[in-house]
Number of protein chains: 2
Amino acid sequence: MSTFAALAEPNRRLLLEAMIDGAKPVNQLVELIGQSQPVVSKHLRILRESGLVSVERNGQQRLYSINPQPLRELDQWLQPYRQFWADRLDALEAHLNNLPEEEDR
Amino acid sequence: MSTFAALAEPNRRLLLEAMIDGAKPVNQLVELIGQSQPVVSKHLRILRESGLVSVERNGQQRLYSINPQPLRELDQWLQPYRQFWADRLDALEAHLNNLPEEEDR
DNA sequence: AAAGAGTATATCTATTTAGATATATATCTT
DNA sequence: AAGATATATATCTAAATAGATATACTCTTT
């Protein structure tokens with residue numbers, strides 16, 4: 001399944017978003033998205049097969065985490081369209097505003 | 001339909017890509033993606049309803065062009081994931097490298 | 001006004017897909 | 001080893017969707 005198709009399902013986007021702050025076991029993901037465990041496992045399988053997440057065993061749990069490569073490619077796919085919403089300086093400024101915060105130095 | 005769902009269909013992505021260099025009438029788009037006219041019109045309707053394209057009449061033709069707003073939002077959706085493939089400086093550098101070319105000044 | 005060109009819509013069908021339910025597999029605990 | 005816990009898979013069903021075909025609409029040309 002393409003990255004776009006994998007991301008087309010809202011619950012799968014929720015699952016990804018839940019992993020932004022780190023790897024999560026399935027039972028935590030089940031709670032977070034409020035769907036049955038088999039449904040969550042099925043979505044996770046699709047995310048896995050699309051390369052969007054990786055799994056790691058930890059005892060009887062499986063820890064799912066984000067695999068950034070397909071998202072990177074999505075970022076690149078967007079490239080030719082960026083000309084439509086900004087000239088060079090605006091794009092740079094927007095990018096700087098979007099960067100994660102950090103202490104002054 | 002969500003932006004993601006609209007973009008999940010390969011022919012719709014082809015249609016969008018065909019509009020990168022400017023507005024195009026339906027018959028040109030039909031040729032470019034090699035699908036029947038009704039199928040193309042259907043895909044264009046979905047792109048329209050998702051806000052990804054705009055139409056303008058020109059005599060008996062309809063000119064379709066890219067409407068960037070949803071793609072912009074997709075770009076913003078990606079933001080929290082960018083930390084996974086770069087630290088701040090790398091991200092900035094990558095962004096600068098990605099900007100459209102322009103003459104020196 | 002009639003004919004033709006460009007495009008949209010309606011309807012049908014086959015395929016895909018999300019979620020439900022039941023069950024299997026693997027690990028841990030006692 | 002038996003039970004409990006965590007997760008995956010199989011099967012079914014209802015809904016969504018892409019493409020095919022037929023037809024309607026609108027503008028232009030004659």
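Below, chains carry the letters A, B, ... as their sequence lines are ordered, and counting in each starts from 1.
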Distance from A/L29 atom CG to A/R62 atom CZ, nearest 0.5 Å?
13.5 Å
Tell me if the aromatic rings of A/Y81 and A/W77 count as close, with their centers under 6.0 Å from one another.
yes
Please work out which residues in residues 14-26 of chain B have a non-hydrogen atom less than 4.0 Å from an atom of DNA chain D and list them by number.
none
Over how many whole Å does the gap from A/F4 atom CZ to D/dT17 atom C1' extend?
19 Å
Between P of D/dT28 and CG of B/N27, the distance in whole Å
15 Å
What are the atom names and distances for every N/O pair under 3.5 Å that joins the protein to nucleotides 18-23 of chain C?
from, atom 1, to, atom 2, distance (Å)
C/dA18, OP1, A/R12, NH1, 3.3
C/dA18, OP1, A/R12, NH2, 3.0
C/dA18, N7, A/K42, NZ, 3.4
C/dG19, OP1, A/N11, ND2, 3.0
C/dG19, OP2, A/H43, NE2, 2.6
C/dG19, N7, A/K42, NZ, 3.0
C/dG19, O6, A/K42, NZ, 2.8

State whether A/R45 places a side-chain N or O below 4.0 Å from either non-bridging phosphate oxygen (OP1 or OP2) of D/dA8.
no
What distance do A/S54 atom OG and A/M19 atom CE have between them, rounded to the nearest 0.5 Å?
9.5 Å
Do A/N27 and A/K24 have side chains that approach each other closer than 4.5 Å (heavy atoms only, starting at C-beta)?
no
Could you state the interatomic distance from CD (A/Q28) to OH (A/Y64), rounded to the nearest 0.5 Å?
14.5 Å
So, with a heavy-atom separation below 4.0 Å from DNA chain D, the residues of residues 48-66 of chain B are B/R57, B/G59, B/Q60
Give every donor-acceptor pair under 3.5 Å between a side-chain atom in residues 7-16 of chain B and any protein atom, sequence neighbours left out.
from, atom 1, to, atom 2, distance (Å)
B/E9, OE1, B/N11, N, 2.8
B/E9, OE1, B/R12, N, 3.3
B/R12, NE, B/A6, O, 2.7
B/R12, NH1, B/H43, ND1, 3.1
B/R12, NH2, B/A5, O, 3.3
B/R13, NH1, B/L7, O, 2.6
B/R13, NH1, B/A8, O, 3.4

Give the other cluster members for A/I46, using side-chain heavy-atom distances under 4.5 Å between Ile, Leu, Val, Met, Phe, Trp and Tyr residues; answer none if it is isolated.
A/M1
Atom pair distance, as rounded to whole Å: CG in B/L44 and C1' in C/dT9
14 Å
Rounded to the nearest 0.5 Å, what's the gap from CH2 on A/W85 to CD1 on B/I66? Could you check?
9.5 Å
Pairwise salt bridge (Lys or Arg N to Asp or Glu O under 4.0 Å) hits with a residue in residues 35-44 of chain A, at least two apart:
none
Is there a side-chain contact between A/L47 and A/L52 in this structure, where contact means two heavy atoms from C-beta onward sitting under 4.5 Å apart?
yes
